[in-house]
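I have placed the structure first, in the form of structure tokens, so that the comments after it can refer back to it.
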Protein chains: 2
Amino acid sequence: MTEKITFNIDKEKNFSEWYSEILDKAEITDLRYNVKGFVVIRPLGAEIIEQIYKMWEAELKAKGHKPCIFPAIIPEKNFKKESSHVEGFSPEVFWLEEIGEGKMALRPTSETAFYQLYSLWIRSYRDLPLKLYQRANVFRLETKATRPLIRAREFFWIESHDAFSSKEQAEAQVQEDISITENLMHQKLGIPFLPLKRPFWDKFHGAEYTIGSDVLMPDGKVIQQPSTHLLHQEFAKSFDIKFKDDKGKENYVWQTCYGPAMSRILASLIAIHGDNSGLVIPFCISPVQVIIVPIYKTENKDKVIKKAEEIKKELEKEKITAEIDNSEKKPGEKFYHWEMRGIPLRIEIGEKELKGKPTLFLRDTKERIKVNLKDIPKEGEKLDQRLREKSEKNFKTSMEDCKNREEIKKALENKKIAKCNFCSIEKEGEKCAETIEKELGAFVRGTRHDKKEKASGKCIICNKQAKEVIYIAKSY
Amino acid sequence: MTEKITFNIDKEKNFSEWYSEILDKAEITDLRYNVKGFVVIRPLGAEIIEQIYKMWEAELKAKGHKPCIFPAIIPEKNFKKESSHVEGFSPEVFWLEEIGEGKMALRPTSETAFYQLYSLWIRSYRDLPLKLYQRANVFRLETKATRPLIRAREFFWIESHDAFSSKEQAEAQVQEDISITENLMHQKLGIPFLPLKRPFWDKFHGAEYTIGSDVLMPDGKVIQQPSTHLLHQEFAKSFDIKFKDDKGKENYVWQTCYGPAMSRILASLIAIHGDNSGLVIPFCISPVQVIIVPIYKTENKDKVIKKAEEIKKELEKEKITAEIDNSEKKPGEKFYHWEMRGIPLRIEIGEKELKGKPTLFLRDTKERIKVNLKDIPKEGEKLDQRLREKSEKNFKTSMEDCKNREEIKKALENKKIAKCNFCSIEKEGEKCAETIEKELGAFVRGTRHDKKEKASGKCIICNKQAKEVIYIAKSY
């Protein structure tokens, strides 16, 4: 279908254009659906999203969650039950035309759907913990500029909603959610992130606190990845979710929710690992892990193709997904095609390889090495490890201690995250955050959740005693 | 959570009440969401739906389909492009409240979304066939009475949309779609069906013809399962989907679409295999294939539980999903619990089984047998085979040749499908079909697609020369 693809945009110099181009050239999305905020996700994008879904679902199940399916339609009266939630989400809601059965919304998130039923399902401490998730499309009426996979009006996520008999258990769940993100997004997919406790004014509408996961994109903006929320008990009170403890005493449950968005994770994956030749998909989730390219002349065509098929079978025995590119294109065109699509490993089979070891091309380093077939899984693991180490290295050098506004400004200009002393991430700090937003076009993203960082000296803005070390960044 | 469940409704005598009760008692759905046509699907229901999705997706992929994700929102102007489609679907559409960007609908089906892009993606015969599918929730504003999983306002399906360079290839695809339904729904899930070519007046809005799959429910009503459509070329013309053939000549593509609804297949599965003790889930898709119930006294508890764990590990080695019921309930309560939920095999481990072979309970026949662990997969297969044979036997005796209205009426009263001579399933037969609907409350479902049946004599209604042998049934 496609011939040799020219792709001459430099990722570091012009990330924004590079990102748009790669979505198109690697056939991840198509923007020509012509409805703001709604894009078509093409097979390669859909296959990667499917793999990411599978990873998260398996992990959630392993941690005691069960799947369920809630309606995509939420009655307005459900929204209205929890006041901070309705205030926060109302501007972002798509409403259905009235059909005479009351006002109804397309779900922007499903707390107010789940919790109506939780109040019916939970009676006793024996019903707890209740840990359910659903795979769902959700809808938000973004009025700002939308970006494919990053900020959309429909996106594809998992939402888990858990209920517990104590605050301690709920907080342990928040911790478990973060460790799921760490295991999957960082360790498996090689996308490091900052787990940040969001400031008071930026937490989830209805949460006591929110831990977000900020990934730094190559243009110096952070993008929020899976966030997890300890809900305040107003939710349980609004929806009347009570249980009797083992002494017969009635209590409200403690709740958490967690929402990894597969389409957004795909966006980070493209941005973090891609290069000027196209995508680089981690081996562990690549829909095609090994592409086999036969290189032949008329006289040895049959032998080469037979060898390619043997290799495919061998790999499939090892549970590796392999495909042979039997198209009529020239080998060079095939190479470009699969490099653009980010297939992590390529086996090239020509006359030489009929007898010797196959030639293996590594998508990330673009090296060619000779390997035994049985070492392919190890090469895949090594590739994933290199991707992770590279992104970790970038990430570690991307935080800069700043002592004043000038230094923050400079750090942001250098596409970094600024770190500084700050008065407070509770309500009293909101004014200072607004100053930062106004003067620097950047946001107070929060404080480290994974370690204690002790503030010293004065708030960088108001000069009051600093209580927190905060992270400031431009954001998507 | 639940104690011993009383369930005293006879499936044969009162199917409708039995169906409602079982959805509730087996915790498949919860109807208390209180929005007409939208139900909550609980973990067991969601897990079975997930398994059915996986089966169909694997089969579609094996047959050359790729996944993709299209928006759930379709602009009105897309609908309007194909006149019979817009006329057919408009009354059933949920519209969004206007946001100033044109009128937009929640998809009732996605032809008019896919084909906008197909006209951009298809240029040459090399781009064909194009075979894509998506897993999606779709929305229809049912005004009739809704029934959980059977007739809903939101349901969960796969829709595949295929484009070809010739009508022959498109017709071969229709055949492939039917064989997928046969392999999965009939052979694997044990749900036999009639593949029927729908009458002219009952085909898909925009199709040249539609082949439906009618499953007979225990109350004598048929339910339409996966249907496949050969679209007329008006779609290609309306959306301008053209390709150049190998001689450079431009042609419109030929298209098909196919739509298995997982939630409906689940409804049939419950209805066909369930009995007066609850669900019976086929072994091949049961989320838990073997439930292990330890039966112990204080003195042998540790040994019995250890044995149960050993057995679980052994089964998992064979890729069988097994769980141990370690709850505090009495063995009898556990038996009821898992029988209600339809888990196909149960292993009971007590003092006797510590040394001898485990006792295996078969959910369908309710027999207890002694087996070697290594024979469990075979017992699972045998159970599925028994389910299929039983439903085939019922199905085979459920069609009755009828010579006049009186006989049709009787057949329908006996919960059967009536078979008779009929003038025509083209436009000229519509009047006779209306008479049948009015007089008998039943519908002309179509003619056999899987075999030629030769009509003889007169149409049972109008007395003109009969051209077709048709099937008449009450329907959901």
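In what follows, chains are A, B, ... by sequence order, proteins preceding strands, each numbered from 1. Below, each value reflects all heavy atoms present in this structure, side chains not excepted, and no hydrogens, waters or symmetry copies.
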Turns out that what part of A/I74 lies under 4.5 Å from chain B's heavy atoms comes down to both
Approximate separation, where rounding is to 0.5 Å, of A/E50 CD and B/K61 NZ: 5.5 Å
I'd like to know which of B/S124, B/A113, B/G45 tops the heavy-atom pair count under 4.5 Å against chain A. B/A113
Specify the closest pair of heavy atoms between B/C68 and A/A46, including all atoms of both residues, with the distance to one decimal. CA-CB, 3.5 Å
Report, by ascending residue number, the residues of residues 151-165 of chain B in heavy-atom contact with chain A at a distance under 4.5 Å; give 'none' if the set is empty. B/R153, B/E154, B/F156
The complete set of salt bridge (Lys or Arg N to Asp or Glu O under 4.0 Å) pairs with one or both residues in residues 114-124 of chain A, sequence neighbours excluded, reads none
I'd like to verify something: which residue of A/N137, A/V35, A/L141 has the highest number of heavy-atom pairs under 4.5 Å with chain B? A/N137
Comparing A/G37, A/A72, A/P75 against chain B, the one with the most heavy-atom pairs below 4.5 Å turns out to be A/A72
Region of B/K54 in contact with chain A, defined by heavy-atom distances below 4.5 Å: neither
Say you draw a straight line from CD1 of B/I73 to OH of A/Y33; how long is it, rounded to the nearest 0.5 Å? 8.0 Å
Under a 4.5 Å heavy-atom criterion, the part of residues 104-111 of chain B in contact with chain A comprises B/M104, B/L106, B/R107
Using the rule given for side-chain contact (heavy atoms from CB on, under 4.5 Å), can you reason through B/W121 versus A/E27, listing the C-alpha separation, both sets of side-chain angles and the distance that settles it, and then say yes or no? CA-CA 11 Å; B/W121 292 341; A/E27 298 185 342; over 6 Å; no
Would one find more than 12 heavy atoms of other residues, nucleotides or ligands at under 6.0 Å from atom NZ of A/K244? no
Part of B/F38 within contact of chain A (heavy atom distance under 4.5 Å): both
Closest heavy-atom pair, A/Q116 versus B/R32, reported as atoms and distance to 0.1 Å, is NE2-O, 3.1 Å
Search all heavy atoms of A/P43 against all heavy atoms of B/L132 and return the closest pair with its distance. CG-CD2, 3.6 Å
Heavy-atom pairs under 4.5 Å with chain B, option from A/F114, A/W95, A/F94 with the top count: A/W95
For A/F89, what residues pass the ring-ring contact (aromatic ring centres under 6.0 Å, His included) criterion, not counting sequence neighbours? A/H85, A/F204, A/H205
At a heavy-atom distance under 4.5 Å, which candidate from B/E101, B/E98, B/K36 has the highest pair count against chain A? B/E101
Would you say the side-chain atoms of A/E47 pair up with the backbone N or O of B/P67, donor to acceptor, closer than 3.5 Å? no
If I take atom CG from residue A/D30 and atom CZ from residue B/F70, how far apart are they, to the nearest 0.5 angstrom? 8.0 Å
Would you mind reporting whether A/V40 and B/I69 have side-chain heavy atoms less than 4.5 Å apart? no
